[in-house]
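Each remark here refers to the structure printed beneath this line.
By convention in this document, chain letters (A, B, ...) are assigned in the order of the sequence lines, proteins followed by strands, and residues within each chain are numbered from 1.
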Amino acid sequence: MVAWQEYVQRDGSIPEWPYPVRYGNEHRIKTDVLVLGGGIAGCHAAINARRQGVKVMVVEKGAVKWSGSGGSGVDHWIAACTNPCSKVTPEEYTEVAMKSNSGYDCGPLRYISTSESWDALLDCGKMGIQIRDVKDEFKGADFRDETTKLLFAYDYKTRTTIRVFGHNVKPLLYREMRRLDIDIYDRVSVTSLLTVKNKQGARVIGATGLNVRTGEYYIIQAKAVIIATGLPGRIWTFSTELRSTFRDFNNVGDGCAIAWNAGAAFTKMESSYGDSGAFGYIGYMMGNTHNTWYGCPIVDARGKEVPWFDRDGKLLKTISERFQPSRGQKLILGLGERIPSDRTNQIMDLAPDLPERIRKGEFVLPLYADLTRLPEQERRAIFGLMVGNEGKTRIAVYDALTKAGFDPDKDMLQAPVMPPKGYESTNYWAGMDVPQWRLWGSGGLIVDWDLKTSLDGLYAAGGAIFGSGAHSSAAASGRYAGRQAAAAAKTAAEGQLDNKQIEADKARVYAPLKQNEHNIGWKELNAGICRVMQDYCGEYRSEGTLKAGIHLLHDLRESEAMQLHAANPHELGRSLECQTIMTVGEIALQASLARKASSNYLGLNRLDYPEIDPIDWQKNISIMQSDNRIETNDLPLNYHLLPPYAPNYEENYRIHCGLEKSRRQK
Amino acid sequence: MTQKVYMTPNPPTPNNPIEYNASICNGCNRCVQICRTDVLMPNPEKGQPPLVLYADECWHCGCCVQECNRPGAIKLVHPLNQSVVVTWKRRATGKHYRLGMKLPPRANNKPPSE
C-alpha cells in the first residue's frame with residue numbers, strides 16, 4: 001500500500017500536501033560565498049571556500065546528501081596526473097586533451113583539472129572515501145601499485161585514472177560540509193541572479209530561489225557567487241514514460257539561464273551530439289565493454305569471441321594488451337570524460353568492422369559480455385569494484401543483478417539486440433542514436449584563470465563551464481573556484497539589492513499558480529519545447545529554420561507557457577524549469593545562428609554553410625546579452641594563453657591558483 | 001462483489017519504481033528526505049512506508065536504498081520496458097535467465113567491493 005493510486009483507492013481521499021505551503025514568504029539571508037548547486041562541483045567549492053575562513057551557503061534543488069549527477073557514487077577518478085604513480089604531467093595530459101578536442105576545450109578548466117584532480121581525491125580520502133585497496137583485495141594485480149595500494153584503470157602503464165570505492169562520496173562530502181558549518185539549503189531551486197542596479201553585465205551580488213516543497217522565496221545577498229549547476233538536460237528529449245534520463249533529471253541548466261539573464265558570456269552553445277536520449281537501456285546493465293566495463297570480452301551467441309585491435313589495426317593476443325598504449329603511443333585516455341577519441345589518445349577496441357561481420361554472419365546475435373573469460377582480479381575490478389561503486393550502478397545494477405542470481409564468475413550478460421549498426425560503438429547500453437534527439441554538447445560559461453565568468457562576483461565550476469569533463473574535473477574545479485571566490489569575497493563590498501528586480505522575479509516565479517481557462521502542465525510544455533528543438537535545432541540547421549525555431553519558442557512563451565498551471569510547490573518548480581529550458585534552448589539556437597559554418601568538432605551541420613570546419617571558423621564564438629540584445633564575438637581557441645594571460649599553462653596556474661608553492665603538487 | 005470505485009488517472013509509468021516491504025520499513029522517512037526529485041512523500045499515517053507520488057520522476061539512482069538503514073525495506077524496480085531485456089546466460093549450461101523471471105535462480109550474495 002504505497003503507490004499514490006493505491007492509497008487513494010483504499011482511503012477514498014486525496015492526501016494533503018505534506019509540507020507547509022507558504023507561497024511568497026520571503027527569507028532574506030546574507031553570506032560571503034554563495035554556491036548554486038550542491039553536486040560534486042558545488043560541494044568541493046563550498047568546502048574549499050569555507051576553509052579560507054569565509055561564510056558559505058549552498059543552495060540545492062534536491063538534497064545535498066545524495067543529489068547531483070555524481071550523487072550515487074564514483075568508481076574511477078580521471079586525470080589524476082599528479083598521483084605518485086602517474087607517468088604523465090598535467091601539461092602533457094592537457095596538450096593531448098586540447099588537441100583531441102581540436103582546441104575546442106576550456107584550457108583553464110582542463111589544466112586545473114589535471115593539476116588538482118589528485119588533490120581533490122586526497123581530500124575525499126581524508127573525508128573517509130576509500131581511495132586505496134587497503135583490504136588488499138587486488139594484491140598482485142597488474143593495475144595495482146603495491147606501495148601506495150592505488151588501483152588504476154584503462155592505461156596500466158601511464159596510470160592517470162584511479163579506480164576508487166566511491167559509492168558513499170556524497171554523504172561523506174555532506175558530513176564534511178556539516179562539520180565545517182556550511183549553511184545548506186536543500187530543496188531550493190535558483191530563479192535569478194541579482195546584479196548591481198539590476199543591470200546586465202554588472203557585478204553579481206546575490207541570487208533568488210524557490211523552495212520546491214514549501215513555495216517560500218529566498219533572497220540571498222552574497223559577496224561572491226559560484227555557479228555549479230551542471231550540464232543542461234531535457235532540452236531535446238523528455239520522456240518520463242519510457243525511462244528516466246541518463247543525466248540527472250533535475251539538471252536543466254538553471255545556472256546557465258540565470259547567468260544568461262544577468263549578462264554573462266558563454267561559448268560552444270551551438271555544440272551537441274546525436275544521442276539515444278531518454279530511450280536507451282539501463283546504464284551499465286546490458287552487456288558492453290565500454291567505460292566501467294572496459295576490457296570485458298564480448299562473445300557471440302555461439303561463444304565466439306570478438307577480437308580486439310590497437311590503433312594501428314594490430315590484433316591483440318592477450319587481455320593485458322587491452323590496458324596498455326599502442327606502440328609509440330604516449331597515453332590512452334580514460335572514457336567518460338567526453339574527449340573525442342583520436343589517434344593520439346585512442347583506447348584499444350573491438351574489431352572496427354564488427355557491424356559488417358555481423359551482417360555477413362561471422363558473429364551471431366545476441367552478443368554477450370563474458371566476464372568469466374577475464375582473470376579473477378579483472379573480473380572483480382569491473383563488476384565488484386566499478387559496477388559496485390559507479391554512480392547509478394551500486395543498487396540499480398550490482399544489487400539488482402546479484403539478487404536476481406547473476407554470477408559474474410559463471411554468467412554472461414547479454415548485450416541489447418540491435419541492428420548491426422548499433423554495434424559500431426562498444427557502449428551498447430546507450431542504444432542507437434536518433435540524429436535529431438540531441439545531447440547537450442559542451443557549451444557553458446566562459447571563464448578566466450580564476451574560474452571567474454565575464455561578470456564580477458560570479459565564478460563557475462564543473463559542467464557549468466564550457467568544455468568537457470567528468471566527476472574528477474567537477475571536484476577539481478570546484479576546489480579551485482571555492483578558493484578564488486573566497487578570496488574575492490574577502491575584499492568585496494556588500495552590494496545594494498534592487499527591490500524592483502526581486503519583485504519582477506517573484507511575479508514570474510509565482511505566475512503558474514493561477515488557474516487559466518485552459519491549463520497546461522509542465523510535462524506537456526517540456527515535451528513541446530523538445531519538439532521545437534528536435535526539428536529546428538537538430539542534426540541539420542540553417543538560418544531560416546533556426547530563426548523559425550526562435551520564433552516558435554517566443555510564441556510558446558507568450559501562449560502555452562502563459563497557461564502553465566502548478567498545483568503545488570513541486571509542480572511550480574518544474575514549471576519554472578520549463579522557462580529555463582526555453583532560455584537554454586534559445587541560446588543554443590542563437591549560437592547556432594552565429595556560427596556560419598558547419599563543424600565536426602561541434603556536431604553542427606549548417607545546410608546553408610556546408611563546408612566543414614573552414615579555417616576561418618576555427619574559433620570559439622562568445623555569446624551574451626547586453627541591454628537584452630544579443631552580442632556575439634570571436635574568441636580565439638587559445639584565449640587563455642593570450643594577453644593578459646601568460647603564454648603557457650604552468651605559469652598561469654602558478655600566478656592564479658592561490659596555493660603556496662609548498663602546497664602545489666610537483 | 002461490491003467495492004467503491006473512484007475516478008483516478010491512469011497509473012504513471014514507470015508504475016512503481018520503488019517498492020516497500022511494510023514489515024521491514026518503519027516509516028522513518030529518511031528516503032523521503034534525500035530523494036532528489038521528491039518521488040517519495042511521507043505517509044499521512046505515521047510509521048507507514050512513504051507514498052510513491054512522482055513515480056514518473058524516478059531517476060533510478062538507488063540513493064533511497066543506500067540511505068535506508070533497514071536492509072530489505074526498499075526495492076528499486078526498473079521500468080519494464082528496460083528490465084524485460086536484461087538477460088544473461090550461464091556459460092557452462094547455456095541456460096537463460098531474466099531480471100524479473102518467475103522462478104529466478106538463487107541470489108548471489110557476494111557484496112560489492114568497498
If I measure from the heavy atoms of chain B, does [X] come under 4.5 Å with its side chain, its backbone, both, or neither?
{"X": "A/Q5", "value": "side chain"}
{"X": "A/D407", "value": "both"}
{"X": "A/M286", "value": "side chain"}
{"X": "A/K523", "value": "side chain"}
{"X": "A/F383", "value": "neither"}
{"X": "A/D186", "value": "neither"}

So how far is it from [X] [atom1] to [Y] [atom2], rounded to the nearest 0.5 Å?
{"X": "A/D409", "Y": "B/N108", "atom1": "CG", "atom2": "CG", "answer": "7.5 Å"}
{"X": "A/F406", "Y": "B/L99", "atom1": "CZ", "atom2": "CG", "answer": "11.5 Å"}
{"X": "A/N568", "Y": "B/L53", "atom1": "CG", "atom2": "CG", "answer": "7.5 Å"}
{"X": "A/W4", "Y": "B/L51", "atom1": "CH2", "atom2": "CG", "answer": "10.5 Å"}
{"X": "B/S113", "Y": "A/M386", "atom1": "OG", "atom2": "CE", "answer": "11.5 Å"}
{"X": "B/K95", "Y": "A/D411", "atom1": "NZ", "atom2": "CG", "answer": "11.0 Å"}

Decide yes or no for [X] and [Y]: does some side-chain heavy atom of the first lie under 4.5 Å from some side-chain heavy atom of the second?
{"X": "A/Y281", "Y": "B/V85", "value": "yes"}
{"X": "B/Y97", "Y": "A/Q414", "value": "no"}
{"X": "B/P44", "Y": "A/E16", "value": "no"}
{"X": "B/Q33", "Y": "A/K65", "value": "no"}
{"X": "B/E114", "Y": "A/H167", "value": "yes"}
{"X": "A/W66", "Y": "B/C61", "value": "no"}
{"X": "B/T37", "Y": "A/N250", "value": "yes"}
{"X": "A/M285", "Y": "B/Q82", "value": "no"}

Decide side-chain contact (heavy atoms from CB on, under 4.5 Å) for B/T13 and A/T240; before the verdict, give the C-alpha distance in whole Å, the side-chain angles of both, and the deciding distance to 0.1 Å.
CA-CA 7 Å; B/T13 42; A/T240 60; 6.0 Å; no
Given the options [options], which has more heavy-atom pairs under 4.5 Å with chain A than any of the others?
{"options": "B/T8, B/V65, B/N16", "value": "B/V65"}
{"options": "B/P111, B/A55, B/G94", "value": "B/P111"}
{"options": "B/G100, B/G62, B/C63, B/P104", "value": "B/C63"}
{"options": "B/I18, B/N15, B/V52", "value": "B/V52"}
{"options": "B/T87, B/V5, B/L76", "value": "B/T87"}

Considering residues, nucleotides and ligands other than [X], do more than 12 of their heavy atoms fall under 6.0 Å from its [atom1]?
{"X": "B/I24", "atom1": "CD1", "result": "yes"}
{"X": "A/K135", "atom1": "NZ", "result": "no"}
{"X": "A/E524", "atom1": "CD", "result": "no"}

Toward chain A, the part of [X] with a non-hydrogen atom under 4.5 Å:
{"X": "B/R106", "value": "backbone"}
{"X": "B/E67", "value": "both"}
{"X": "B/N29", "value": "neither"}

Under a 4.5 Å cutoff for heavy-atom pairs, which residue among [options] has the most contacts with chain B?
{"options": "A/N168, A/D133, A/T372, A/V397", "value": "A/T372"}
{"options": "A/Q9, A/K61, A/K170", "value": "A/Q9"}
{"options": "A/E137, A/Q130, A/E60, A/R380", "value": "A/R380"}
{"options": "A/G166, A/G384, A/G388", "value": "A/G384"}
{"options": "A/G62, A/A369, A/A63, A/A396", "value": "A/A396"}

Is it true that a side-chain atom of [X] and a backbone atom of [Y] form a donor plus acceptor pair closer than 3.5 Å?
{"X": "A/K403", "Y": "B/N109", "result": "no"}
{"X": "B/R91", "Y": "A/D370", "result": "no"}
{"X": "B/K89", "Y": "A/A301", "result": "yes"}

What orientation do A/Y368 and B/H96 show, parallel under 30°, tilted 30 to 60°, or perpendicular over 60°?
tilted
Establish, yes or no, whether a centroid distance under 6.0 Å links the rings of A/F249 and B/W59.
no
What's the verdict on salt bridge (charged side-chain N to carboxylate O under 4.0 Å, His left out) for B/D38 and A/R213, showing C-alpha distance, side-chain angles and the deciding distance?
CA-CA 9 Å; B/D38 270 334; A/R213 282 184 169 179; 2.7 Å; yes
Looking only at heavy atoms, which two atoms of [X] and [Y] are closest? And how far apart?
{"X": "B/M41", "Y": "A/P18", "answer": "SD-CG, 3.5 Å"}
{"X": "A/L413", "Y": "B/W88", "answer": "CA-CB, 4.0 Å"}
{"X": "A/S72", "Y": "B/R36", "answer": "N-NH2, 4.3 Å"}

Checking side chain to side chain contact (heavy atoms under 4.5 Å, CB included) between A/I395 and each of B/K75, B/H60, B/Q66, which is the one that passes?
B/Q66
I would like to know whether B/E57 and A/R574 meet salt bridge (charged side-chain N to carboxylate O under 4.0 Å, His left out); could you show each step before the answer?
CA-CA 11 Å; B/E57 291 185 40; A/R574 294 281 182 239; 2.6 Å; yes
